[in-house]
Amino acid sequence: QVQLVESGGGLVQAGGSLRLSCTASGVTFSNYDMGWFRQTPGKERDFVSVIIWNGGNTNYADSVKGRFTISRDNAKNIVYLQMNSLKPEDTAVYYCAARARFGVGSRSSISSYNYWGQGTQVTVSS
């Protein structure tokens, strides 16, 4: 059974930092691209960042470029999202997701991901 479990969310002041973690089980982690998405109430789930299966390529939403860094440790089955210079508009539930290494569709598209975590709340106060 595939499980993705996020952790590291919380309350932080604007300008602060958080590091999210997502631990995978039940999958061969190195066969999957890993993405982070976020969602606020009443809005669609938005792409934040993705890292390909071997860590060799990453991509970011324009809104987080230069502030967020995605990384992975295939030996530990963990993907991280380091979030710096946080802004109130970063407040959301953050989800990690796994996408098969040779999956179809854009790596920034929700529909191309096979598995999802339960989400972790990030709240940035002004």
Side-chain angles (χ1 to χ4, degrees):
Q1 182 180 355
V2 178
Q3 275 195 314
L4 302 177
V5 179
E6 301 97 335
S7 61
L11 174 63
V12 65
Q13 288 188 332
S17 298
L18 283 174
R19 188 177 80 159
L20 305 183
S21 301
C22 172
T23 303
S25 60
V27 292
T28 302
F29 189 65
S30 58
N31 284 348
Y32 288 84
D33 301 333
M34 297 299 297
W36 285 97
F37 291 77
R38 65 187 182 186
Q39 189 171 23
T40 54
K43 294 189 176 181
E44 294 184 352
R45 194 169 295 186
D46 291 330
F47 168 75
V48 174
S49 183
V50 63
I51 185 166
I52 69 168
W53 61 277
N54 64 356
N57 193 24
T58 59
N59 195 21
Y60 298 90
D62 287 343
S63 58
V64 307
K65 274 181 186 174
R67 300 188 298 122
F68 290 11
T69 303
I70 192 170
S71 61
R72 67 189 293 160
D73 185 336
N74 282 357
K76 296 182 179 179
N77 287 10
I78 299 178
V79 59
Y80 302 100
L81 186 68
Q82 178 66 44
M83 306 186 295
N84 298 330
S85 302
L86 282 162
K87 305 175 181 180
E89 50 263 44
D90 294 317
T91 295
V93 177
Y94 284 71
Y95 297 90
C96 73
R99 174 185 184 277
R101 178 175 164 183
F102 298 113
V104 176
S106 168
R107 291 189 179 97
S108 63
S109 173
I110 292 173
S111 61
S112 71
Y113 285 80
N114 307 98
Y115 304 107
W116 292 85
Q118 83 290 348
T120 186
Q121 176 71 46
V122 171
T123 302
V124 184
S125 63
S126 57

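Remember, it's a predicted structure, so these values are computed and weren't measured experimentally.
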*Could you tell me which residues satisfy side chain to side chain donor-acceptor pair (under 3.5 Å) with Arg99, sequence neighbours excluded, listed by chain and number?*
Asp33, Ser112

_Atom pair CG (Asn59) and CD1 (Ile70), whose distance is rounded to the nearest 0.5 Å_ = 9.5 Å

*side chain to side chain donor-acceptor pair (under 3.5 Å) contacts in which one or both residues fall within residues 4-20, not counting sequence neighbours*: Glu6-Gln118, Ser17-Asn84

*asked:* For residues Val5 and Leu18: do they belong to one hydrophobic cluster (side chain heavy atoms under 4.5 Å, members Ile, Leu, Val, Met, Phe, Trp, Tyr)?
replied: no

Per-pair distances, 0.1 Å, donor-acceptor, side chain in residues 20-31, under 3.5 Å, sequence neighbours excluded:
none

*What distance do Ile52 atom CD1 and Thr58 atom OG1 have between them, rounded to the nearest 0.5 Å?*
9.0 Å

Which donor-acceptor pairs under 3.5 Å do side chains of residues 88-98 form with protein atoms, sequence neighbours excluded?
from: Asp90; atom 1: OD1; to: Arg38; atom 2: NH1; distance (Å): 2.9
from: Asp90; atom 1: OD1; to: Arg67; atom 2: NH2; distance (Å): 3.0
from: Asp90; atom 1: OD2; to: Arg67; atom 2: NH1; distance (Å): 2.7
from: Asp90; atom 1: OD2; to: Arg67; atom 2: NH2; distance (Å): 3.4
from: Asp90; atom 1: OD2; to: Lys87; atom 2: N; distance (Å): 2.8
from: Thr91; atom 1: OG1; to: Pro88; atom 2: O; distance (Å): 2.9
from: Thr91; atom 1: OG1; to: Val124; atom 2: N; distance (Å): 2.9
from: Thr91; atom 1: OG1; to: Val124; atom 2: O; distance (Å): 3.4
from: Tyr94; atom 1: OH; to: Arg38; atom 2: NH1; distance (Å): 2.8
from: Tyr94; atom 1: OH; to: Asp90; atom 2: O; distance (Å): 2.6

*asked:* Using the rule that Ile, Leu, Val, Met, Phe, Trp and Tyr join whenever any side-chain heavy atoms are under 4.5 Å apart, tell me whether Leu4 and Tyr32 fall into a single cluster.
replied: yes

*Kindly work out whether a path of hydrophobic side-chain contacts (I/L/V/M/F/W/Y, heavy atoms less than 4.5 Å apart) joins Val79 to Tyr60.*
yes

*Considering residues at least two apart in sequence or located in another chain, which fulfil the side chain to side chain donor-acceptor pair (under 3.5 Å) criterion with Thr123?*
Gln121

_Side-chain (Arg107) to main-chain (Tyr113) donor-acceptor, under 3.5 angstrom_ = no

_Phe47: partners by ring pair (Phe, Tyr, Trp, His ring centres under 6.0 Å), with sequence neighbours left out_ = Phe37

*Same apolar cluster (I L V M F W Y, side chains within < 4.5 Å links), Val122/Phe68*: yes

*Distance-only, no hydrogens or angles: does the Asn74 side chain make a donor-acceptor pair with backbone N or O of Trp53 under 3.5 Å?*
yes

*Hey, what do you get for CE (Met83) to CG (Leu81), rounding to the nearest 0.5 Å?*
5.5 Å

*Tell me, please, whether Trp116 has Arg45 positioned over its six-membered ring: NZ or CZ under 6.0 Å from the ring centre and within 45 degrees of its axis?*
yes

*Closest contact, heavy atoms only, Ser71 versus Ile51*: CA-CD1, 3.7 Å

